[in-house]
Amino acid sequence: SQQGEEDPQALSIQEGENATMNCSYKTSINNLQWYRQNSGRGLVHLILIRSNEREKHSGRLRVTLDTSKKSSSLLITASRAADTASYFCASRGVDDYKLSFGAGTTVTVRA
Amino acid sequence: DAGITQSPRHKVTETGTPVTLRCHQTENHRYMYWYRQDPGHGLRLIHYSYGVKDTDKGEVSDGYSVSRSKTEDFLLTLESATSSQTSVYFCAISEDQNTGELFFGEGSRLTVL
């Protein structure tokens, strides 16, 4: 079954604005990861946050994790047209060998 | 970019025919995965491998089989393709099963008529 669910399903913003998307998961996790997928391409890993971390930064990306609410958020600051893509969260359960992906958020950045 | 090659990248076949998709890696990673991606479903795990000749089922394994005779190759076989198996198939590799990130191939688009 699908572990992670993203919200919103789609997001359209102006270049320079921030984009925020959320992910909820169902069971206790070891870590949670975010991936980006450009149209027609494979997924690319963006950032990993462990269950004992609350916030992590990588360039213009900020990820938060709230294990009490079983949720995570990805913030992209000062968005660019090149950020147009689908973004997926993926969670790895405590005793699980696999990553479970959500259905993704499609982000469109308008120039 | 991680050295992962999927073949074929596109295939159209007819219902009932066998299909084999190949994933080849040059990273010497132990773990390999096959996912399918369908609109509204994200990625769903079909099968994975944790070593040569060591494989296990994922959440949507019915109708699929896999083989891994050497570290670098992971084959996904549809014994008798059905229209419900029309999808984009992604291979992924990982060095560490428990904590590590996945590196994905570019995908294989399969259409079953």
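Below, chain A is the first sequence line, B the second, and so on; all start at residue 1.
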Q. Within a reach of under 6.0 Å around CZ of A:Arg80, are more than 12 heavy atoms found that belong to other residues, nucleotides or ligands?
A. no
Q: Spell out, yes or no, whether A:Phe88 and A:Val44 are grouped together once hydrophobic residues are joined by side-chain heavy atoms under 4.5 Å, including indirect joins.
A: no
Q: Indicate yes or no: at least one non-hydrogen side-chain atom of A:Leu99 is less than 4.5 angstrom from one of B:Tyr48.
A: no
Q.
Tell me if the CD atom of A:Gln14 is crowded by more than 12 foreign heavy atoms within 6.0 Å.
A. yes
Q.
Taking atom CD as the centre, does B:Glu95 end up with more than 12 heavy-atom neighbours from other residues, nucleotides or ligands that are less than 6.0 angstrom away?
A. no
Q) For A:Gln33 and B:Glu101, which heavy atoms make the closest approach, and how far apart are they? A) OE1-CA, 3.5 Å
Q. Is chain A contacted by the side chain of B:Leu102, its backbone, both, or neither, given a heavy-atom distance below 4.5 Å?
A. both
Q: Measure A:Gln37 against the heavy atoms of chain B and call it side chain, backbone, both or neither at under 4.5 Å.
A: side chain
Q.
Report which part of A:Leu48 has an atom under 4.5 Å of a heavy atom belonging to chain B: side chain, backbone, both, or neither.
A. side chain
Q. Using non-hydrogen atoms only, which part of B:Gln6 is less than 4.5 Å away from chain A: side chain, backbone, both, or neither?
A. neither
Q) Are A:Arg41 and B:Phe104 close enough that some pair of their side-chain heavy atoms sits under 4.5 Å apart? A) no
Q: Spell out, yes or no, whether B:Tyr89 and B:Leu75 are grouped together once hydrophobic residues are joined by side-chain heavy atoms under 4.5 Å, including indirect joins.
A: no
Q) More than 12 foreign heavy atoms under 6.0 Å from CD of A:Gln9: is that the case here? A) no
Q | Contacting moiety of B:Tyr50, where chain A heavy atoms sit under 4.5 Å | A | neither
Q. Which bit of B:Tyr31 is near chain A, if near means a heavy-atom gap under 4.5 Å: side chain, backbone, both or neither?
A. neither
